[in-house]
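Just so we're on the same page: letters track the sequence lines, and every chain starts at 1.
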2 protein chains.
Amino acid sequence: MKKDTTTVRELSRDEARLAAMLKALGNPVRFRMMKYLAERPMCITGDMVVFTALAQSTVSQHLKVLREAGLIEGEIEGPATCYCIHAEGLQFLKDRIQQWLPECCQPEADDREANCCQETS
Amino acid sequence: MKKDTTTVRELSRDEARLAAMLKALGNPVRFRMMKYLAERPMCITGDMVVFTALAQSTVSQHLKVLREAGLIEGEIEGPATCYCIHAEGLQFLKDRIQQWLPECCQPEADDREANCCQETS
DNA sequence: TTTTTATATCGTAAAAATACGATAAAACAG
DNA sequence: CTGTTTTATCGTATTTTTACGATATAAAAA
């Protein structure tokens with residue numbers, strides 16, 4: 001008998017990357033940092049410190065999380081570090097979210113009464 | 001002089017909803033639960049307990065987080081509770097992510113050399 | 001009614017995330 | 001070289017999240 005791998009299967013490489021991105025964006029501070037960074041071509045750590053009104057070490061930590069999730073990239077620019085959106089990473093996020101859970105959300109006109117969850121709203 | 005509201009502005013209602021969804025999905029257990037639920041029209045809490053191999057109370061807690069984030073909906077079905085994907089919520093997530101950070105990720109052929117962050121990969 | 005089944009909630013322990021100050025490192029100015 | 005600027009990392013305190021067992025609730029079965 002074939003083992004059911006649909007339930008216990010681990011996340012694929014891409015799914016793990018998507019999950020990591022979602023985790024990074026799950027924090028409200030980092031969410032706002034991404035939004036802030038998206039509104040300009042780049043910024044340095046100090047700008048983020050002013051924007052978030054958090055300690056410099058805290059901001060540096062958050063930037064590290066975003067960078068390791070592949071959402072931003074930093075480049076040392078003299079004494080400062082210049083951050084910008086990682087375009088490829090963000091595109092990956094958008095694509096994957098769009099493709100994610102494709103089986104659902106289709107208002108197919110099949111035996112809906114067999115399901116217990118109708119849209120009530 | 002007009003105050004700069006672009007930096008300190010709070011999140012809008014929709015942005016807050018998106019952030020809450022991302023936070024809910026940021027947990028790997030809940031991420032997999034969503035994936036599991038998307039593969040079938042619905043399931044009950046007990047199915048999730050088997051799937052995740054976690055304590056029933058823990059699963060119930062995670063389901064609550066997903067429900068409060070508007071990603072799933074639960075309906076009491078006799079002694080059990082039947083959960084399914086909240087189609088509207090998931091569509092909202094997809095739409096918002098797609099529209100999010102629209103200013104970036106465009107490979108416009110303008111003064112790129114002025115920026116410090118070139119795509120190096 | 002009593003028992004069983006399925007779930008939600010409560011209280012709490014353990015783990016993880018978050019925030020801070022202090023310190024280290026690296027580039028540049030004087 | 002010395003001092004300044006900017007950032008990353010370290011150690012640690014606080015907060016939040018996660019997970020569990022115990023208990024409460026509600027529907028259905030016996």
Side-chain angles (χ1 to χ4, degrees), chain A residues 8 11 16 19-37 40 42-84 86 115-117, chain B residues 8 11 16 19-37 40 42-84 86 115-117:
Chain A
V8 216
L11 295 179
M21 284 183 169
L22 292 172
K23 181 168 184 172
L25 289 172
N27 178 284
V29 171
R30 290 192 291 266
F31 181 87
R32 294 177 68 234
M33 285 171 79
M34 280 298 285
K35 207 161 130 31
Y36 174 82
L37 190 50
R40 53 217 88 219
M42 77 276 168
C43 80
I44 63 173
T45 307
D47 298 331
M48 281 291 187
V49 173
V50 173
F51 171 61
T52 60
L54 291 171
Q56 178 267 319
S57 57
T58 304
V59 171
S60 196
Q61 223 170 219
H62 280 304
L63 286 169
K64 185 179 183 179
V65 172
L66 288 174
R67 184 163 40 78
E68 289 181 346
L71 289 165
I72 66 174
E73 48 187 347
E75 195 180 343
I76 295 170
E77 197 82 2
T81 306
C82 183
Y83 286 98
C84 65
H86 186 219
N115 294 359
C116 63
C117 282
Chain B
V8 215
L11 295 180
M21 284 183 170
L22 292 172
K23 181 166 182 172
L25 289 172
N27 178 285
V29 171
R30 291 191 290 265
F31 181 88
R32 293 177 68 233
M33 284 172 80
M34 280 296 288
K35 207 161 129 32
Y36 173 82
L37 190 50
R40 55 216 88 217
M42 78 275 170
C43 80
I44 62 173
T45 308
D47 298 331
M48 281 291 187
V49 174
V50 173
F51 171 62
T52 60
L54 290 172
Q56 178 266 319
S57 58
T58 304
V59 171
S60 195
Q61 222 170 219
H62 280 304
L63 286 169
K64 185 180 185 178
V65 173
L66 288 174
R67 183 162 42 77
E68 289 181 345
L71 289 165
I72 67 174
E73 48 188 347
E75 194 180 343
I76 295 171
E77 198 82 4
T81 305
C82 183
Y83 286 99
C84 66
H86 186 220
N115 294 0
C116 62
C117 283

query: Is A:Arg32 close enough and on-axis enough to A:Tyr36, meaning under 6.0 Å and within 45°, for cation-pi?
result: no
field: Touch class at under 4.0 angstrom, heavy-atom based, for A:Arg67 against every strand present
entry: nothing
message: I want to check one thing: is the phosphate of C:dA8, taken as OP1 and OP2, less than 4.0 Å away from some side-chain N or O of B:Thr81?
response: yes
message: I need the B:Met34 CE to B:His86 NE2 distance, nearest 0.5 Å.
response: 11.0 Å
- prompt: Between the side-chain atoms of B:Gln61 and the base atoms of C:dA8, is any donor-acceptor pair under 3.5 Å?
  reply: no
- prompt: Between B:Glu75 and B:Tyr83, does a side-chain contact (heavy atoms from CB on, under 4.5 Å) hold up when you go through it step by step?
  reply: CA-CA 6 Å; B:Glu75 194 180 343; B:Tyr83 286 99; over 6 Å; no
task: Could you tell me whether A:Ser60 contacts a base, only the sugar-phosphate backbone, or nothing, with contacts defined as non-hydrogen atoms closer than 4.0 Å?
output: base
- prompt: Nearest to the side chain of A:Thr45, which nucleotide is it out of C:dT18, D:dA8, D:dT18?
  reply: D:dA8
query: With a non-hydrogen cut-off below 4.0 angstrom, is A:Ser57 in contact with a base, only sugar-phosphate, or nothing?
result: base
message: Can you tell me which nucleotide in C:dT7, D:dT7, D:dA19 comes closest to the side chain of A:Ala80?
response: D:dT7
message: Once you apply a heavy-atom cut-off of 4.0 Å, does B:Thr58 come out as touching a base, just sugar-phosphate, or nothing?
response: base
- line: With the side chain defined as heavy atoms from C-beta on, B:Val29 is closest, among D:dT7, C:dC20, D:dA19, to D:dA19
message: On DNA chain C, does the nearest nucleotide to A:Ile76 precede the nearest nucleotide to A:Arg30 from the 5' side, or the other way round? Give the residue.
response: A:Arg30
query: Hey, is the side chain of B:Asn27 poking within less than 4.0 Å of OP1 or OP2 on D:dT18, counting only N and O atoms?
result: yes
message: Need one value for B:Ile44: base, sugar-phosphate or nothing, where a base atom within 4.0 Å counts as base even if backbone is also close, heavy atoms only.
response: sugar-phosphate
message: Side-chain N or O of A:His62 versus OP1/OP2 of C:dA19: is the shortest distance under 4.0 Å?
response: yes
- prompt: Would you say B:Leu66 and B:Met33 make side-chain contact, with heavy atoms under 4.5 Å?
  reply: yes
